[in-house]
Amino acid sequence: MKVEIKHIKDFSDPEKERVVFKVNAPTNIGLYVVAESVKVNDNAISSEIKNQYWFPDQDLKIGDLVVLYTKKGEKKSILNKDGSTTYFFYWGLEKPLSSVKKSCVVLFETSWMFKEASPSTDNEETKEQTE
């Protein structure tokens, strides 16, 4: 992946808890979704995810950092001395991540499309559905 999870810092602290990501290749963070899950064993996580966060669009370059605080806040960024940028995002959770044993954070790289949920007016599509 072009973005990797580096750390979960200050786990269970509602004011400081955050997930830190490192950018390994140019990408847009808007292609990524983070969710909370539970580790089932050393090689698997539960498919039951909760507290999903889909990052807003933001182009990133190699060496940038993304910090996702679990609390509420306003998106911001700072330029680092080495020329990289650290981007701060806020998940907006009311409570810190679950303190359930084996709790974990999962990063998904997405590929997506959408279709509006509206009544079809296309006769050909209606015909296909009724045959």
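Because only heavy atoms are used, hydrogens play no part in the values below, and waters and symmetry mates are left out as well, while side chains stay in. The shown structure was predicted, so the numbers you read here are calculated from the model rather than taken from an experiment. We're numbering straight along the sequence, starting at 1.
The closest side-chain heavy-atom distance from Thr85 to Lys61 is below 4.5 Å. At least one side-chain heavy atom of Phe11 sits under 4.5 Å from a side-chain heavy atom of Leu97. Inter-residue side-chain proximity for Arg18 and Leu68 is flagged as unmet; no heavy-atom pair is nearer than 4.5 Å. Using a 4.5 Å cut-off on side-chain heavy atoms (C-beta onward), Val3 and Val66 make no contact. Looking only at side-chain heavy atoms (C-beta outward), Val38 and Ile45 stay at 4.5 Å or farther from each other. By the 4.5 Å heavy-atom criterion applied to side chains, Val34 and Gln52 are not counted as neighbours. In this structure, Trp112 and Val33 have side chains that are not in contact, with every pair of non-hydrogen atoms separated by 4.5 Å or more.
Rounding to the nearest 0.5 Å places OG of Ser37 at 12.0 Å from NZ of Lys39. Note that the CG atom of Leu60 and the OG atom of Ser77 stand 10.5 Å from one another [nearest 0.5 Å]. The CG atom of Leu93 sits 10.0 Å away from atom NZ of Lys50, with the distance rounded to the nearest 0.5 Å.
In this structure a side-chain-to-backbone donor-acceptor pair under 3.5 Å is missing from Glu36 to Asn51. Remark: side-chain polar atoms of Asp13 are paired, donor with acceptor, to backbone N or O of Glu15 under 3.5 angstrom. Looking only at distances, a side-chain donor or acceptor of Ser46 sits under 3.5 Å from a matching main-chain atom of Glu48. In terms of modelled atom types and a separation under 3.5 Å, the side chain of Thr110 and the main chain of Leu31 share a donor-acceptor contact.
Placement of Phe114 and Phe108 within a single hydrophobic cluster is found when ILVMFWY residues are connected by side-chain heavy-atom separations under 4.5 Å, directly or transitively. A chain of hydrophobic side-chain contacts below 4.5 Å, direct or via other Ile, Leu, Val, Met, Phe, Trp or Tyr residues, connects Phe55 to Ile5. There is a path of hydrophobic side-chain contacts, each under 4.5 Å, that joins Ile8 to Trp91. Put simply, Ile62 and Met1 are part of two different groups of oily side chains (I, L, V, M, F, W, Y) that touch within less than 4.5 Å, one to the next. Hydrophobic cluster membership differs between Ile29 and Tyr90, with clusters built from Ile, Leu, Val, Met, Phe, Trp and Tyr side chains linked at under 4.5 angstrom.
Ring pair Tyr69/Phe89: centre-to-centre distance not below 6.0 Å. Centroid-to-centroid, the aromatic rings of Tyr53 and Tyr32 stay 6.0 Å apart or farther.
Scanning both residues, Gly63 and Ser84, for their nearest heavy atoms gives O-CB, 3.5 Å. Minimum heavy-atom separation, Asp57 to Lys75: O-NZ, 4.0 Å. Smallest separation of non-hydrogen atoms from Ser12 and Pro96: O-CG, 3.5 Å. Asp59 and Tyr87 get closest at one heavy-atom pair: O-OH, 3.8 Å.
A salt bridge links Lys72 to Glu94: at least one charged side-chain nitrogen sits closer than 4.0 Å to a carboxylate oxygen.
Side chains of Asn28 and Gln58: a donor-acceptor N/O pair is absent below 3.5 angstrom, by distance only.
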#### Entry: Check against side chain to side chain donor-acceptor pair (under 3.5 Å), Asp64 and Thr86
CA-CA 6 Å; Asp64 285 347; Thr86 300; over 6 Å; no
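Atom NZ of Lys2 has 12 or fewer neighbouring heavy atoms from other residues, nucleotides or ligands inside a 6.0 Å radius.
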